[in-house]
Amino acid sequence: MTASSDASAGATDPSVGDTTGGDATTTGDLSTTSTVAADPSAGGPPDLVVLVGKLELAVAEERWRTPEDQCAADYAAQIEAADPKSEDLKRIRKQAAETLKARAELAAAAKHWHDAVEAYRDLYALWPDYKAIHKPFGEALQQEAKILRYLKDPVQLGMVADDILRLSPKNFEAVMLRGEALEGQGLWPEAAEAYQLAKKLKPSDKSVKDAIARVEKRQKAMGVVPH
């Protein structure tokens with residue numbers, strides 16, 4: 001065989017690597033290229049095995065909602081987006097629910113409403129569709145609101161109102177609570193907007209009319225023309 005025929009044979013031999021600068025995915029260790037493709041930083045799909053491991057660790061360390069992008073709630077959301085039927089996600093959520101639900105119920109039984117709310121918040125962040133907690137979570141939030149009103153903490157009161165509205169978007173009391181929280185922070189236009197929304201839910205409610213009149217008076221005193 002001549003030298004030229006040897007070169008041709010080498011070029012067609014599949015065991016010989018491509019050194020022509022072609023597609024890099026056709027050469028080298030295939031397992032390595034597959035791993036790179038699955039790396040989210042490389043633009044590929046998320047590695048579910050890695051995400052499940054991160055979720056399990058976050059749950060074990062009780063990183064339920066913080067830090068951002070490194071907590072159980074965020075990992076669970078990523079897994080659900082990639083695989084809505086993930087059996088691993090279902091398993092981890094159920095296990096976490098047993099811990100957090102029991103914690104919330106014990107706190108509520110002792111009337112430690114803040115602790116109950118925090119436990120329910122953790123569970124809701126991890127598993128928003130877990131309907132079994134929506135009612136007791138809402139009740140704990142209502143009790144927490146009473147305390148925050150007494151303490152005159154409008155910022156936390158606003159957070160409670162927002163939580164209730166996530167559970168029940170058309171909850172009249174929660175809309176009024178949100179208006180009250182905004183009013184307490186001196187955010188008059190935003191408070192007026194909240195009260196107007198409450199008025200749509202209950203047009204004849206006297207408390208709404210009084211709140212709107214109160215906020216409009218405040219706005220006029222500050223030289224703000226109410227909408």
Side-chain angles (χ1 to χ4, degrees), residues 58-59 61-68 70-77 92-202 205-212 214-215 218:
V59 167
E61 295 179 350
E62 298 205 353
R63 287 183 279 117
W64 304 111
R65 291 177 281 146
T66 57
E68 188 176 358
Q70 296 179 38
C71 63
D74 289 337
Y75 293 137
I92 295 168
R93 277 175 165 168
K94 286 179 179 179
Q95 291 172 348
E98 290 179 6
T99 298
L100 291 172
K101 188 169 179 286
R103 185 177 299 173
E105 289 172 348
L106 283 172
K111 299 188 185 303
H112 297 162
W113 300 113
H114 179 73
D115 293 339
V117 165
E118 286 299 297
Y120 279 128
R121 277 176 174 158
D122 291 337
L123 181 49
Y124 182 80
L126 179 67
W127 195 356
D129 294 330
Y130 186 34
K131 302 295 184 183
I133 66 161
H134 286 196
K135 183 178 179 180
F137 185 16
E139 291 171 351
L141 287 165
Q142 293 285 358
Q143 295 296 330
E144 176 78 340
K146 293 178 182 178
I147 296 170
L148 293 171
R149 273 181 172 143
Y150 176 78
L151 295 175
K152 297 182 179 179
D153 188 339
V155 175
Q156 291 294 322
L157 190 63
M159 291 174 61
V160 166
D162 289 342
D163 282 338
I164 297 173
L165 288 169
R166 288 188 191 95
L167 298 171
S168 179
K170 294 184 179 181
N171 186 303
F172 171 79
E173 296 297 334
V175 176
M176 288 293 290
L177 200 65
R178 188 169 189 276
E180 183 181 333
L182 292 166
E183 189 178 351
Q185 297 173 70
L187 301 172
W188 311 116
E190 292 85 350
E193 185 177 347
Y195 289 136
Q196 288 293 344
L197 178 57
K199 184 179 179 181
K200 291 180 180 179
L201 294 173
K202 288 190 177 182
D205 190 275
K206 185 178 183 300
S207 64
V208 176
K209 294 177 181 178
D210 290 344
I212 291 173
R214 185 174 61 247
V215 170
R218 288 280 191 174

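For Ala191, the side chain to side chain contact (heavy atoms under 4.5 Å, CB included) partners at least two apart in sequence or on another chain are Leu182, Glu183, Tyr195, Val215. Under the salt bridge (Lys or Arg N to Asp or Glu O under 4.0 Å) criterion, Arg63 pairs with Glu61, not counting sequence neighbours. The side chain to side chain contact (heavy atoms under 4.5 Å, CB included) search around Asp153 returns Leu148, Val155, Gln156, not counting sequence neighbours. With sequence neighbours excluded, no residue satisfies salt bridge (Lys or Arg N to Asp or Glu O under 4.0 Å) with Glu139.
For the pair Ala116 and Ala108, the tightest heavy-atom approach, listed with the atom from each and the gap, is CB-N, 3.9 Å. Scanning both residues, Asp115 and Ala107, for their nearest heavy atoms gives CB-CB, 3.8 Å. Of all non-hydrogen atoms in Ala198 and Phe172, the two that sit nearest each other are O-CE1, 3.6 Å. Nearest heavy-atom pair across Ala194 and Gly179 is CB-CA, 3.6 Å. The shortest heavy-atom contact between Ala125 and Ala73 is O-CB, 3.5 Å. The two residues Val160 and Ala145 have their closest heavy-atom pair at CG1-CB, 4.1 Å.
Remark: Arg65 engages Glu118 in a salt bridge, criterion side-chain N to carboxylate O under 4.0 Å. Between Lys206 and Asp210, at least one side-chain nitrogen of the basic residue sits less than 4.0 Å from a carboxylate oxygen of the acidic one, meeting the salt-bridge criterion.
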Identify each donor-acceptor pair in which a side-chain atom of residues 126-136 lies under 3.5 Å from a protein atom, sequence neighbours left out, and give them as a table.
unit_1: His134; atom_1: NE2; unit_2: Pro128; atom_2: O; d: 3.0

Subject >> Chi angles and distances behind the side chain to side chain contact (heavy atoms under 4.5 Å, CB included) call for Trp64, Arg121 >> reply: CA-CA 9 Å; Trp64 304 111; Arg121 277 176 174 158; over 6 Å; no
**OP:** Take Asp205 and Lys209 through the test salt bridge (charged side-chain N to carboxylate O under 4.0 Å, His left out) and record every step on the way to the result.
**Re:** CA-CA 7 Å; Asp205 190 275; Lys209 294 177 181 178; over 6 Å; no
**OP:** Take Arg149 and Glu180 through the test side chain to side chain contact (heavy atoms under 4.5 Å, CB included) and record every step on the way to the result.
**Re:** CA-CA 9 Å; Arg149 273 181 172 143; Glu180 183 181 333; 3.0 Å; yes
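Looking at heavy atoms from C-beta onward, Tyr75 lies out of side-chain contact with Val59 at the 4.5 angstrom threshold. Counting heavy atoms from C-beta on, the side chains of Ile164 and Phe137 never come closer than 4.5 Å. Looking only at side-chain heavy atoms (C-beta outward), Lys199 and Gln196 come within less than 4.5 Å of each other. Contact annotation: the side chain of Trp113 never approaches that of Lys146 to less than 4.5 Å [non-hydrogen atoms, C-beta and beyond].
Screening residues 100-112 for side chain to side chain donor-acceptor pair (under 3.5 Å), with sequence neighbours left out, gives Glu62-Arg103, Lys101-Glu105.
Few gaps surround CZ on Arg214; more than 12 heavy atoms of other groups in view lie less than 6.0 Å from it.
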